[in-house]
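Written out below as structure tokens is the structure these notes cover.
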Amino acid sequence: MTIANDTERANLIEAGKRLAAVLKMLRAKVAPGVTTEELDDSAEQMIRDGGDEPCFLGYTPEGAQRPYPATLCVSINSEVVHGIPNESIKTLKEGDIVGLDLGLTHKGIIVDAAITVPVGVVSEETERLLIATEQALTEGIAQAVLGNHMGDISYAIQKEIERAGFKVVKELGGHGVGDMVHEEPFIPNFGRPGEGPVLLEGMVLALEPISTAGKAAVTLAPDGYTYRTKDGSLSAHFEHTILIEKNGPLVVTKL
Ligand code: MG
């Protein structure tokens with residue numbers, strides 16, 4: 001989506017605020033003993049109570065064999081993204097990390113964001129993976145300025161993750177958002193400065209670094225959605241929906 005007028009901009013900002021509030025609620029709920037289904041139910045309830053719609057539920061991404069069956073994606077430890085919280089229901093354990101990826105539709109506008117949250121106390125290495133991946137998102141957002149290229153964002157994300165000694169998942173990345181869950185362009189989490197499309201005023205983008213503590217290779221589970229690291233190493237994921245404006249990027253899903 002490209003935001004062309006003030007009404008769309010106001011709706012996008014409100015949508016982002018609502019999504020951030022749901023993610024904050026979920027983050028506060030994360031604890032040993034909580035199930036993935038409980039998190040999914042809470043997310044759906046809060047979105048519907050606000051008069052909005054979950055946008056992942058019933059959505060069929062390109063290439064998928066069936067619609068996504070839940071509101072939230074919950075990906076634990078070596079699960080990279082798109083873990084289904086209400087099928088093989090899992091219980092969070094002390095020391096896990098859990099990725100929470102969520103989208104909603106408010107007044108016709110779709111926003112998308114994700115966080116990875118430690119369950120209780122995690123190892124120092126795990127902590128570093130979370131910090132580096134969130135920092136990579138910050139670095140990517142800082143490059144989302146008028147006149148820069150998509151490759152400037154991609155490069156900044158890759159550089160930060162690799163500087164910390166981790167790997168970037170190549171098969172998955174950011175995307176345009178706003179009208180649909182996934183829009184052009186695909187925004188890889190690796191690349192070269194100055195390459196790719198030029199960033200224009202009013203573009204709505206979901207930036208989402210996805211990292212691993214081991215090798216970068218991932219596999220898709222038989223459920224058709226859950227990506228896992230091939231070597232079983234931990235993976236982290238942070239995402240924001242941003243709007244590119246004259247004065248710089250506006251992070252609409254800021255927590
Ligand atoms: Mg996304």
Side-chain angles (χ1 to χ4, degrees), residues 1-3 12 15-20 22-23 26-27 39-40 43 47 52-64 67-75 79-85 98-106 109-117 133-134 136-141 144 150 153-154 156-158 161 168-191 196 199 203-212 218 220 224-227 235-244 249-255:
M1 155 172 257
T2 297
I3 294 295
L12 177 75
K17 208 183 270 179
R18 288 170 180 231
L19 180 57
V22 181
L23 279 176
L26 293 171
R27 184 171 65 184
L39 295 172
D40 185 55
I47 290 170
D52 300 322
E53 294 286 327
C55 66
F56 297 168
L57 181 66
Y59 171 72
T60 308
E62 210 180 294
Y68 188 71
T71 290
L72 184 67
C73 297
V74 182
S75 309
E79 293 174 347
V80 177
V81 288
H82 306 161
I84 302 174
V98 57
L100 305 171
D101 188 353
L102 183 65
L104 64 76
T105 310
H106 170 72
I109 292 185
I110 292 176
V111 287
D112 187 2
I115 50 176
T116 302
V117 183
T133 312
E134 188 166 22
L137 178 55
T138 303
E139 303 286 337
I141 291 169
M150 223 53 92
I153 296 175
S154 300
I157 288 173
Q158 176 181 21
I161 289 173
V168 160
V169 172
K170 303 234 158 131
E171 292 87 339
L172 302 155
H175 50 92
V177 70
D179 289 322
M180 293 180 294
V181 178
H182 293 113
E183 295 174 33
E184 292 293 313
F186 175 70
I187 309 167
N189 290 316
F190 63 98
L199 303 175
M203 277 183 168
V204 183
L205 304 174
L207 304 185
E208 47 181 324
I210 300 163
S211 64
T212 68
V218 295
L220 182 59
Y225 278 100
T226 312
Y227 281 92
S235 177
H237 176 209
F238 286 84
E239 177 177 21
H240 275 307
T241 296
I242 66 163
L243 169 64
I244 296 183
L250 178 70
V251 181
V252 301
T253 51
K254 201 178 193 130
L255 270 68

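Each ligand, and each atom within it, is numbered from 1 in the order the structure gives.
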Query raised in the report: When you check the space around the Mg ion (ligand 1), which protein N, O or S atoms turn up under 2.8 Å?
Result: Asp112 OD2, His175 NE2, Glu208 OE2, Glu239 OE2

Requested in this report: Ignoring hydrogens and angles, tell me if any N or O in the side chain of Thr71 forms a donor-acceptor pair with the backbone of Pro54 under 3.5 Å.
Outcome: no

Query raised in the report: Taking side chain as C-beta onward, heavy atoms only, is Ile141 less than 4.5 Å from Glu139?
Result: no

Query raised in the report: Can the ring centres of His82 and Phe56 be said to be less than 6.0 Å apart?
Result: no

Report task. If the plane angle is over 60° it's perpendicular, under 30° parallel, otherwise tilted; pick one for Tyr59 and His182. Result -> tilted

Query - Partners meeting salt bridge (charged side-chain N to carboxylate O under 4.0 Å, His left out) with Asp101 (sequence neighbours left out) - result: none

Query - pair Leu255-Arg27: side-chain heavy atoms closer than 4.5 Å - result: yes

